[in-house]
Engineer: 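The structure is given below, and queries will be raised subsequently.
All heavy atoms count here, side chains included; hydrogens, waters and symmetry mates do not. One is the number of the first residue; the rest follow in order along the sequence.
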Amino acid sequence: GREEFFALNSARKNVGEALFANPRNAAAGSLRQLDSSITARRGLHFFAYTWGEVSSMPARTQWEFLARLNEWGFRTNPLARLCASPEDVLALYKEIGRERASLSYDIDGMVYKVDRLDWQERLGTVSRAPRWAIAHKFPAEQAETVLREITIQVGRTGALNPYAILEPVQVSGVTVRHATLHNEDYIRSKDLWIGDWVVVERAGEVIPQIVSALTSRRTGEETPFEMPDACPSCDQPVVRPEDEVMSYCVNAACPAQLVRLLEHFVSKGAMDIEGMGGKLGEILITQGLV
């Protein structure tokens, strides 16, 4: 829940540990711990909602199965409802949407399920998606803030990736300070100027993005963004190939590219070197050790 998340981050801050970005990351990181005693201290909770492998089904309907879970001592979500019609389902969707901000945990939507289990079996599954269940997402929560600066990060391929520095703002219970801007054309298409008031949302409840600029609030002090001619890391020329949206630093010895390359090399999907991250890689490269 949110209270446990804020308490966990507060405790981590007190001992100088990195903070979790959101409850989802905190839960995933806690479950990945090799030491189960660390997981036990993280204040994780869960709602039981379905079954795995069973020798015999203990219910005839989804609703009966939730009741059995409660009988066995599992917690089920008290907001679950048995609805008699599509109209009842949509009314519940609106009701939960209104209550969403006051819940003690984050949700991004609801799942509708056919109640009778024999009908679920008849409807079956396509790939891994059941025909008897469908997700209905809530609109992403939005907030207004100021686009303070547009900064460039150089990727491992030399691509110049612009991102927004925002006046910190709360969106879906998380403080948002940065947002991805993808490329120069994306900034132009959104008509984003440095100093603009902008609408921000967390896409999929995780990745912050700028929806639009509030151009009616411009004062004349805002300035347009210009992609730099020189790499911000190595000061070498930047090129934008024809028919591409990305600009590139073509200096193979660019320190920023080397840091990103090293990050990729030591990552879990590559050499999986524990204890080696971006900050340490940056130190090794700036000291000339890599």
Engineer: Can you tell me how far apart SG (Cys254) and CD (Gln236) are? Round to the nearest 0.5 Å.
Structural biologist: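 So the gap between those two atoms works out to 8.5 Å.
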Engineer: To the nearest 0.5 Å, what is the distance between OG on Ser212 and CD on Glu201?
Structural biologist: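 Nearest 0.5 Å value for the OG-CD distance: 9.5 Å.
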Engineer: Between Val171 and Gln142, does the side-chain contact (heavy atoms from CB on, under 4.5 Å) criterion hold? Intermediate values first, please.
Structural biologist: CA-CA 6 Å; Val171 188; Gln142 297 182 339; over 6 Å; no
Engineer: Counting N and O atoms only, with roles assigned by atom type, does the side chain of Asp196 sit under 3.5 Å from a partner on the main chain of Val198, one being a donor and the other an acceptor?
Structural biologist: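 The answer is no, because no donor-acceptor pair under 3.5 Å joins these two groups.
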Engineer: Check salt bridge (Lys or Arg N to Asp or Glu O under 4.0 Å) between Asp235 and all other residues, then give those that pass, not counting sequence neighbours.
Structural biologist: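 Result, salt bridge (Lys or Arg N to Asp or Glu O under 4.0 Å) vs Asp235: none returned.
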Engineer: Can you name the salt bridge (Lys or Arg N to Asp or Glu O under 4.0 Å) partners of Glu17, sequence neighbours left out?
Structural biologist: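 Arg12.
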Engineer: Determine whether Cys231 and Asn251 make a side-chain contact, defined as any pair of heavy atoms from C-beta on separated by less than 4.5 Å.
Structural biologist: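 No, too far: nothing below the 4.5 Å cut-off.
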Engineer: For Pro241 and Tyr248, which heavy atoms make the closest approach, and how far apart are they?
Structural biologist: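 Closest pair (atom of Pro241, atom of Tyr248, distance): CD-CD1, 3.7 Å.
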Engineer: Show your working on side-chain contact (heavy atoms from CB on, under 4.5 Å) between Thr61 and Leu82 and close with a plain yes or no.
Structural biologist: CA-CA 11 Å; Thr61 66; Leu82 180 59; over 6 Å; no
Engineer: Search all heavy atoms of Leu69 against all heavy atoms of Thr50 and return the closest pair with its distance.
Structural biologist: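 The answer is CD1-N, 4.4 Å.
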Engineer: Applying side chain to side chain donor-acceptor pair (under 3.5 Å), which residue pairs with at least one partner in residues 254-270 are found, sequence neighbours left out?
Structural biologist: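 Qualifying pairs, neighbours excluded: Arg260-Glu263.
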Engineer: When hydrophobic residues are tied together by side-chain contacts of less than 4.5 Å, even through go-betweens, does Ile38 share a cluster with Phe46?
Structural biologist: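 Result: no, two separate clusters.
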Engineer: Restricting to pairs with a member in residues 29-39, which pass side chain to side chain donor-acceptor pair (under 3.5 Å), not counting sequence neighbours?
Structural biologist: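 Every pair satisfying side chain to side chain donor-acceptor pair (under 3.5 Å) with a residue in residues 29-39: Ser30-Arg42, Asp35-Ser37.
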Engineer: Are any of the side-chain nitrogens in Arg68 or Glu71 under 4.0 Å away from the carboxylate oxygens of its partner?
Structural biologist: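 Salt bridge between Arg68 and Glu71, a charged N being under 4.0 Å from a carboxylate O: yes.
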Engineer: Just verifying a value: how many Å separate Met246 CE and Asp185 CG, rounded to the nearest 0.5 Å?
Structural biologist: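 If I round to the nearest 0.5 Å, the distance is 10.0 Å.
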Engineer: Are Leu117 and Leu66 in one and the same hydrophobic cluster, where Ile, Leu, Val, Met, Phe, Trp and Tyr link if side-chain heavy atoms are under 4.5 Å apart?
Structural biologist: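 In one cluster with Leu117: Leu66, yes.
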Engineer: Output every pair passing salt bridge (charged side-chain N to carboxylate O under 4.0 Å, His left out) with a member in residues 48-60, not counting sequence neighbours, ordered by first then second residue.
Structural biologist: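 Only Arg60-Glu64 qualify under salt bridge (charged side-chain N to carboxylate O under 4.0 Å, His left out).
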Engineer: Search all heavy atoms of Ala213 against all heavy atoms of Asp191 and return the closest pair with its distance.
Structural biologist: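 Looks like CB-O, 3.7 Å.
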Engineer: OG of Ser189 to CG of Asn183: how many Å apart, nearest 0.5 Å?
Structural biologist: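 CG of Asn183 is found 8.0 Å from OG of Ser189.
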Engineer: Using every non-hydrogen atom in the two residues, find where Val238 and Ala230 come nearest and quote the distance to one decimal.
Structural biologist: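 Looks like CG2-C, 3.6 Å.
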Engineer: Is Ile107 reachable from Tyr112 through a run of I, L, V, M, F, W or Y residues, each pair having side-chain heavy atoms under 4.5 Å apart?
Structural biologist: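 Yes; tracing contacts between hydrophobic side chains, which count when under 4.5 Å, links both residues.
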Engineer: What residues form a salt bridge (Lys or Arg N to Asp or Glu O under 4.0 Å) with Lys137, not counting sequence neighbours?
Structural biologist: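 With neighbours one apart ignored, the set is Asp108.
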Engineer: Who passes salt bridge (Lys or Arg N to Asp or Glu O under 4.0 Å) against Asp115, sequence neighbours left out?
Structural biologist: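 Applying salt bridge (Lys or Arg N to Asp or Glu O under 4.0 Å) to Asp115 gives none.
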Engineer: Would you compute the distance between atom CZ of Arg148 and atom CG of Leu166 and round it to the nearest 0.5 angstrom?
Structural biologist: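 CG of Leu166 is found 10.0 Å from CZ of Arg148.
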Engineer: Taking Arg81 for its side chain and Leu79 for its backbone only, find out whether a donor-acceptor pair lies under 3.5 Å.
Structural biologist: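 Indeed, once roles are kept as given, a pair shorter than 3.5 Å links the two residues.
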Engineer: Give me each pair satisfying ring-ring contact (aromatic ring centres under 6.0 Å, His included) with a member in residues 177-199, each pair once, sequence neighbours excluded.
Structural biologist: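 Qualifying pairs: Tyr163-His178, His182-Tyr186.
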Engineer: Grab the two heavy atoms, one from Gly155 and one from Asn161, that are nearest each other, plus how far apart they are.
Structural biologist: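 In this case the closest contact between Gly155 and Asn161 is N-ND2, 3.8 Å.
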Engineer: Ring pair (Phe, Tyr, Trp, His ring centres under 6.0 Å) with Trp51: which residues, sequence neighbours excluded?
Structural biologist: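 In terms of ring pair (Phe, Tyr, Trp, His ring centres under 6.0 Å), with neighbours along the sequence ignored, Trp51 is linked to Phe65.
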Engineer: Which other residues end up in the same hydrophobic cluster as Trp119, if Ile, Leu, Val, Met, Phe, Trp and Tyr are linked when side-chain heavy atoms come under 4.5 Å apart?
Structural biologist: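 Val114, Leu123, Trp132, listed by chain and number.
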Engineer: Would Arg240 and Met227 count as a side-chain contact (heavy atoms from CB on, under 4.5 Å) here? Give the steps.
Structural biologist: CA-CA 10 Å; Arg240 179 174 171 174; Met227 184 62 75; over 6 Å; no
Engineer: If you draw a 6.0 Å radius around CG in Asp229, do more than 12 non-hydrogen atoms from other residues or ligands fall strictly inside?
Structural biologist: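 At most 12 heavy atoms, drawn from other residues, nucleotides or ligands, come within 6.0 Å of this atom.
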Engineer: Provide the closest heavy-atom pair for Val146 versus Gly195 in the form atom of the first, atom of the second, distance.
Structural biologist: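 Val146 and Gly195 have their closest heavy atoms at CG1-O, 3.9 Å.
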Engineer: Check for a donor-acceptor pair, side chain of Glu222 on one end and backbone N or O of Gly220 on the other, with a separation under 3.5 Å.
Structural biologist: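 Looks like yes, one N/O pair under 3.5 Å.
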Engineer: Applying a strict under-4.5 Å side-chain criterion to I, L, V, M, F, W and Y, I'd like to know whether Val169 and Leu181 cluster together.
Structural biologist: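 Shared cluster, yes.
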Engineer: Would the number of heavy atoms belonging to other residues, nucleotides or ligands and lying under 6.0 Å from CZ of Arg218 be above 12?
Structural biologist: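 Enclosed.
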Engineer: Would you confirm whether Thr125, through its side chain, and Arg128, through its main-chain N or O, come within 3.5 Å as a donor-acceptor pair?
Structural biologist: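 A pair under 3.5 Å: no.
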Engineer: If you count every heavy atom of other residues, nucleotides or ligands that lies below 6.0 Å from Glu121 atom CD, does the total exceed 12?
Structural biologist: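 Not buried by this count: 12 neighbours or fewer within 6.0 Å.
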Engineer: Hey, does Thr286 have a side-chain heavy atom less than 4.5 Å from the side chain of Pro255?
Structural biologist: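 No, too far: nothing below the 4.5 Å cut-off.
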Engineer: Return yes when atom CZ of Phe225 has more than 12 non-hydrogen atoms of other residues, nucleotides or ligands closer than 6.0 Å, and no otherwise.
Structural biologist: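 Count over threshold, so yes.
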Engineer: If you define the side chain from C-beta out and look only at heavy atoms, does anything of Cys234 sit under 4.5 Å from Cys249?
Structural biologist: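 Sidechains of Cys249 and Cys234: in contact.
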Engineer: Answer yes or no: is there an ion pair linking Glu141 with Arg100, defined by an N-O contact shorter than 4.0 Å?
Structural biologist: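 Salt bridge between Glu141 and Arg100, a charged N being under 4.0 Å from a carboxylate O: no.
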Engineer: Decide if atom CZ of Arg75 counts as having more than 12 heavy atoms of other residues, nucleotides or ligands within a radius under 6.0 Å.
Structural biologist: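 No, CZ of Arg75 has 12 or fewer neighbouring heavy atoms, counting only those of other groups under 6.0 Å.
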Engineer: Taking transitive links into account, so neighbours of neighbours count too, which hydrophobic residues share a cluster with Val266 at under 4.5 Å side-chain distance?
Structural biologist: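 Taking Ile, Leu, Val, Met, Phe, Trp and Tyr as members, Val266 shares its hydrophobic cluster with Leu258, Val259, Leu261, Leu262, Phe265, Met271, Ile273, Met276, Leu280, Leu284, Ile285, Leu289, Val290.
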Engineer: Just verifying a value: how many Å separate Ile187 CD1 and Leu147 CG, rounded to the nearest 0.5 Å?
Structural biologist: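 With rounding to 0.5 Å, CD1 (Ile187) is 8.5 Å from CG (Leu147).
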Engineer: Tell me whether Ile134 is reachable from Val89 by hopping between hydrophobic residues (I, L, V, M, F, W, Y) whose side-chain heavy atoms are closer than 4.5 Å.
Structural biologist: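 Looking at the clustering, Ile134 is in the same group as Val89.
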Engineer: Take Lys190 and Ile210 through the test side-chain contact (heavy atoms from CB on, under 4.5 Å) and record every step on the way to the result.
Structural biologist: CA-CA 9 Å; Lys190 295 278 185 184; Ile210 294 176; 5.6 Å; no
Engineer: Please list all pairs passing the ring-ring contact (aromatic ring centres under 6.0 Å, His included) test where one or both residues lie in residues 74-106, with sequence neighbours left out.
Structural biologist: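 For residues 74-106, and leaving out neighbouring residues, the ring-ring contact (aromatic ring centres under 6.0 Å, His included) pairs sorted by first residue read Phe47-Tyr105, Tyr93-His136, Tyr93-Phe138.
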Engineer: Hey, are the side chains of Val126 and Arg131 touching, using non-hydrogen atoms and a 4.5 Å cut-off?
Structural biologist: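 Sidechains of Arg131 and Val126: in contact.
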